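Everything below concerns the one structure shown next.
Since this is a predicted model, take the numbers as computed values, not measurements. Lettering follows sequence order; numbering is per chain, from 1.
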Protein chains: 2
Amino acid sequence: MRISELSGSSGVPVATIKFYLRLGLLHDGRHTSATQASYDDSHVDRLKMVRALVGVGGMSLARVKSIIAVIENPPQTMHELLGPASLMGRPGDVDCDALDVLDETDPEATGHARVHRLLREWGWDPAESFCSTHIEMGDALDAIEDSGFALSDLALGDYRDHLTALAAKEVARTPTTSSEAAVRYVALGVPLVEPLLLAIRRLGHQHASAAIFSGSAAPEQAAR
Amino acid sequence: MRISELSGSSGVPVATIKFYLRLGLLHDGRHTSATQASYDDSHVDRLKMVRALVGVGGMSLARVKSIIAVIENPPQTMHELLGPASLMGRPGDVDCDALDVLDETDPEATGHARVHRLLREWGWDPAESFCSTHIEMGDALDAIEDSGFALSDLALGDYRDHLTALAAKEVARTPTTSSEAAVRYVALGVPLVEPLLLAIRRLGHQHASAAIFSGSAAPEQAAR
DNA sequence: GACAACTGGATAGTCATCCTACCCAGTACG
DNA sequence: CGTACTGGGTAGGATGACTATCCAGTTGTC
């Protein structure tokens with residue numbers, strides 16, 4: 001398959017394919033001469049994957065590249081796979097030791113302190129999860145706080161209940177037949193399912209609000 | 001409060017504040033003379049909100065602006081609020097009538113057909129949710145499919161169960177005391193909680209994998 | 001074997017987004 | 001009075017993701 005055919009069957013412009021080749025997002029074709037190479041289905045699949053991750057997944061090419069790196073060079077343990085797969089290529093890969101020190105003393109890091117407290121309350125060992133995830137969660141809590149939005153521990157508990165139940169099912173569904181399948185499942189499934197998840201949540205909001213407020217007036221009137 | 005003080009208490013550079021003022025992300029201060037204006041706490045709050053939505057929320061300034069528009073000029077019904085709040089400023093505000101026509105005939109739109117089928121199976125009226133949400137969900141399903149990842153209806157059902165339970169609780173928690181509080185809750189809560197949600201899911205993955213694969217070897221070994 | 005069409009490889013240009021720097025005349029205040 | 005600061009405006013820069021153009025080599029066709 002020549003590059004123009006690859007472009008045709010993947011829907012990606014030739015110039016973009018060349019660009020992806022240069023970035024290392026797409027593996028080189030088999031060279032048949034100095035100025036000729038042939039591509040196969042693996043290149044079509046890769047291109048579709050990249051476009052899916054970039055398009056709906058909303059990822060940067062840098063993050064896609066690190067996902068590809070994990071798929072091509074899988075880590076040794078299942079657990080090791082989950083951390084990097086979660087936030088590969090994201091900002092904030094800072095040192096984790098600093099987090100152990102702070103523990104609700106630093107007024108600047110209320111969100112991170114809350115994460116530690118919650119993990120303790122939930123009976124979760126902080127060591128079994130990645131500090132980068134703690135940081136993300138802390139940042140998210142801080143952002144919610146900063147924008148003047150209150151989120152009770154009760155509400156957080158609801159999130160934990162439902163999401164960990166979901167996560168457990170997802171992990172349980174991980175194929176164990178081959179390492180390639182498992183790596184693909186995690187590296188692609190974790191980030192690609194995210195937009196789906198958020199869409200279903202919004203669908204749920206609309207469904208629930210239709211049930212509660214169906215045909216009812218604006219909050220102004222409803223409150224009176 | 002002068003602009004430099006506003007900058008100090010919000011942590012946003014003066015040049016950026018001017019930029020936000022020009023874009024309409026920040027309301028003008030009260031002019032005291034031709035070249036002087038005074039700002040108050042509402043400006044500090046707004047700046048913090050904008051930074052939270054842009055930073056952790058990962059939104060574009062355009063989307064932040066449309067969220068601000070909703071907060072400043074709320075829609076008439078609760079239900080009307082949820083649609084725009086969900087995907088304000090996102091790409092894909094296409095015509096919805098086209099979706100009614102397709103109904104699993106178009107091979108190009110398998111994801112969207114699946115959304116319609118799922119909604120029917122779940123007993124949800126498609127009319128009570130926004131077609132833009134259907135489109136997002138369809139796109140997400142297509143992207144998952146395109147990248148060579150299979151997602152069973154069973155797994156989708158799990159997502160629906162947990163996320164709609166969560167969404168229902170979130171909707172139930174919407175304050176009805178004042179319209180301002182309700183609008184703020186929805187317009188900020190829907191998008192800002194998203195990163196938190198995803199972080200907890202990843203935490204759940206790590207927790208679950210620690211329980212299952214604790215100390216176990218790589219999938220290669222485990223599979224044998 | 002002439003010749004247009006295509007190839008890989010490289011360089012440079014485009015477009016959008018999000019700021020950042022600078023300039024300017026007009027206050028504020030010690 | 002002088003210095004610092006203000007709002008307002010324009011221009012510039014950084015980044016990310018392409019896109020266009022050029023070029024020498026290759027392929028298929030007549």
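With sequence neighbours left out, B:Pro126 forms a side chain to side chain contact (heavy atoms under 4.5 Å, CB included) with B:Leu119, B:His134. With sequence neighbours left out, the side chain to side chain donor-acceptor pair (under 3.5 Å) criterion links B:Arg173 to A:Asp158. For B:Arg51, the side chain to side chain donor-acceptor pair (under 3.5 Å) criterion is met by B:Tyr20, not counting sequence neighbours. Partners of B:Asp146 by side chain to side chain donor-acceptor pair (under 3.5 Å), not counting sequence neighbours: none found. Scanning for side chain to side chain contact (heavy atoms under 4.5 Å, CB included) contacts around A:Arg46 gives A:Leu26, A:His27, A:Met49, A:Val50, A:Ile68, A:Glu72, with sequence neighbours left out. Considering only residues two or more places apart in sequence or on other chains, A:Glu145 meets the side chain to side chain donor-acceptor pair (under 3.5 Å) condition with none of them. With sequence neighbours excluded, the residues forming a side chain to side chain contact (heavy atoms under 4.5 Å, CB included) with A:Asp40 are A:Ser42, A:His43, listed by chain and number.
DNA chain D is contacted by B:Lys18, B:Arg22 of residues 18-25 of chain B, taking any non-hydrogen atom closer than 4.0 Å. Taking every heavy atom of residues 43-51 of chain A and every atom of DNA chain C, no pair lies under 4.0 Å. The stretch residues 31-42 of chain A touches DNA chain C through A:His31, A:Thr35, A:Gln36, A:Ala37, A:Tyr39, each having a heavy atom under 4.0 angstrom from the strand.
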- Base-pair map of DNA chain C as dot-bracket, where | denotes pairing with a different strand and pairs are Watson-Crick or G-U under 3.5 Å: ||||||||||||||||||||||||||||||
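When all heavy atoms are compared, the tightest approach of B:Gly204 to A:Ala167 is C-CB, 3.5 Å.
Minimum atom distance to the side chain of B:Ile3 is reached by D:dG7, of the listed D:dC18, C:dT20, D:dG7.
Between B:Arg114 and B:Asp153, at least one side-chain nitrogen of the basic residue sits less than 4.0 Å from a carboxylate oxygen of the acidic one, meeting the salt-bridge criterion.
Residue pairs that meet the salt bridge (charged side-chain N to carboxylate O under 4.0 Å, His left out) test with at least one member in residues 9-30 of chain A, sequence neighbours left out, do not exist here.
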